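First comes the structure, then the notes that go with it.
If you're wondering where the values come from, they're calculated on a predicted model, not measured in any experiment.
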Amino acid sequence: MIVTFCGHAQLSQNSDVEKWLYTVTEKLIEQGAASFYLGGYGAFDSLAASVLKNQKKQHPQIQRILILAYLGTRQDVSDYDGTLYPPLETVPRRFAIPRRNRWMVDAADVVVACVLHDWGGAAATLRYARQKGKRIISYKDTE
């Protein structure tokens with residue numbers, strides 16, 4: 001099972017979201033989640049990567065994969081088990097992140113979302129996941 005994440009670049013309830021992410025990822029690992037696709041930008045992505053780093057201590061079989069939006073940029077990949085670059089070579093740079101996000105949704109079985117308002121890139125990605133009929137686990141549903 002492949003899991004990806006969708007959330008805002010800025011978060012205000014970090015400790016609540018972190019606890020929720022830990023619970024959600026633990027359940028998904030118990031259900032067979034093995035690969036976690038991460039975008040690597042913003043507060044929610046960083047929080048998800050941190051939670052999965054801790055989860056990996058108890059579940060060494062999980063893979064934390066950074067999905068790159070650009071080739072040739074310097075990005076710290078030390079907290080990940082690997083990287084993937086979707087077929088974005090012909091995509092203009094300004095569209096690379098939204099296209100990468102759609103690719104992640106297409107590849108995933110489950111989308112874990114922390115989208116608290118309906119504008120911006122995270123909201124657009126979540127709408128796309130809904131259109132694709134993906135299984136979505138949303139922080140907003142726990143509020």
Side-chain angles (χ1 to χ4, degrees), residues 1-88 91 93-143:
M1 177 190 319
I2 297 173
V3 177
T4 196
F5 298 87
C6 169
H8 300 298
Q10 293 153 355
L11 287 176
S12 58
Q13 311 130 305
N14 276 8
S15 63
D16 292 342
V17 174
E18 184 176 18
K19 289 175 194 165
W20 173 78
L21 271 172
Y22 191 87
T23 301
V24 167
T25 56
E26 183 70 28
K27 286 180 184 172
L28 287 168
I29 292 166
E30 289 169 5
Q31 294 169 10
S35 296
F36 293 86
Y37 286 2
L38 298 143
Y41 293 105
F44 184 68
D45 284 351
S46 295
L47 204 53
S50 173
V51 165
L52 289 170
K53 185 177 183 179
N54 287 328
Q55 289 283 24
K56 187 142 176 111
K57 293 172 187 170
Q58 283 81 35
H59 307 283
Q61 77 279 10
I62 67 170
Q63 295 290 303
R64 300 159 301 147
I65 309 297
L66 177 64
I67 309 301
L68 302 170
Y70 313 106
L71 279 181
T73 57
R74 296 199 130 156
Q75 195 167 358
D76 182 12
V77 298
S78 61
D79 276 342
Y80 302 92
D81 298 306
T83 61
L84 280 174
Y85 179 68
L88 301 173
V91 175
R93 188 169 177 81
R94 66 184 177 146
F95 299 122
I97 289 176
R99 284 281 181 85
R100 186 271 323 262
N101 292 348
R102 285 182 173 205
W103 183 91
M104 289 168 59
V105 167
D106 289 340
D109 301 297
V110 179
V111 177
V112 176
C114 183
V115 178
L116 304 176
H117 51 73
D118 62 357
W119 67 88
T125 301
L126 183 57
R127 279 193 299 276
Y128 181 76
R130 286 189 178 119
Q131 289 170 355
K132 290 294 186 173
K134 294 295 178 169
R135 178 181 167 203
I136 298 167
I137 301 171
S138 176
Y139 178 75
K140 200 169 183 179
D141 295 340
T142 64
E143 291 184 301

Please confirm whether the backbone N or O of [Y] pairs with a side-chain atom of [X], one donor and one acceptor, at under 3.5 Å?
{"X": "Thr4", "Y": "Tyr37", "value": "yes"}
{"X": "Lys132", "Y": "Val105", "value": "no"}
{"X": "Asp109", "Y": "Ile2", "value": "yes"}
{"X": "Ser50", "Y": "Ser46", "value": "no"}
{"X": "Gln55", "Y": "Tyr22", "value": "yes"}
{"X": "Arg64", "Y": "Ala49", "value": "no"}
{"X": "Lys134", "Y": "Asp106", "value": "yes"}

To the nearest 0.5 Å, how far apart are [atom1] in [X] and [atom2] in [Y]?
{"X": "Phe36", "Y": "Lys56", "atom1": "CZ", "atom2": "NZ", "answer": "10.0 Å"}
{"X": "Ile67", "Y": "Tyr85", "atom1": "CD1", "atom2": "OH", "answer": "12.0 Å"}
{"X": "Leu84", "Y": "Met104", "atom1": "CG", "atom2": "CE", "answer": "10.0 Å"}
{"X": "Asp79", "Y": "Lys53", "atom1": "CG", "atom2": "NZ", "answer": "4.0 Å"}
{"X": "Gln61", "Y": "Asp81", "atom1": "CD", "atom2": "CG", "answer": "11.0 Å"}
{"X": "Ser138", "Y": "Leu116", "atom1": "OG", "atom2": "CG", "answer": "8.0 Å"}

Please report the shortest heavy-atom distance between Ala69 and Leu88, naming the atom on each side.
O-CD1, 3.7 Å
Nearest heavy-atom neighbours spanning Cys6 and Ala122:
SG-O, 3.2 Å
Which word best sums up how the rings of Tyr139 and Trp20 line up, parallel for under 30°, tilted for 30 to 60°, or perpendicular for over 60°?
perpendicular
Would Phe5 and Leu52 satisfy side chain to side chain contact (heavy atoms under 4.5 Å, CB included), going step by step from the backbone distance to the final call?
CA-CA 12 Å; Phe5 298 87; Leu52 289 170; 3.8 Å; yes
Please tell me if the side chains of [X] and [Y] come closer than 4.5 Å, counting only heavy atoms from C-beta onward.
{"X": "Lys140", "Y": "Leu126", "result": "no"}
{"X": "Asn101", "Y": "Tyr128", "result": "no"}
{"X": "Thr25", "Y": "Ile62", "result": "no"}
{"X": "Phe44", "Y": "Leu21", "result": "yes"}
{"X": "Val110", "Y": "Gln31", "result": "no"}
{"X": "Val3", "Y": "Ile137", "result": "no"}
{"X": "Arg100", "Y": "Val91", "result": "no"}

Can you tell me if CD on Gln58 sees more than 12 non-hydrogen neighbours from other groups inside 6.0 Å?
yes
Does CZ in Arg99 sit with more than 12 non-hydrogen atoms of other residues, nucleotides or ligands closer than 6.0 Å?
no
Thr83 vs Leu66, test: side chain to side chain contact (heavy atoms under 4.5 Å, CB included). Steps then yes/no.
CA-CA 5 Å; Thr83 61; Leu66 177 64; 4.1 Å; yes
Applying side chain to side chain contact (heavy atoms under 4.5 Å, CB included), run through Val115 and His8 and close with a yes or a no.
CA-CA 6 Å; Val115 178; His8 300 298; 3.9 Å; yes
The test is side chain to side chain contact (heavy atoms under 4.5 Å, CB included); show your working for Val111 and Thr125 and say whether it passes.
CA-CA 10 Å; Val111 177; Thr125 301; 5.9 Å; no
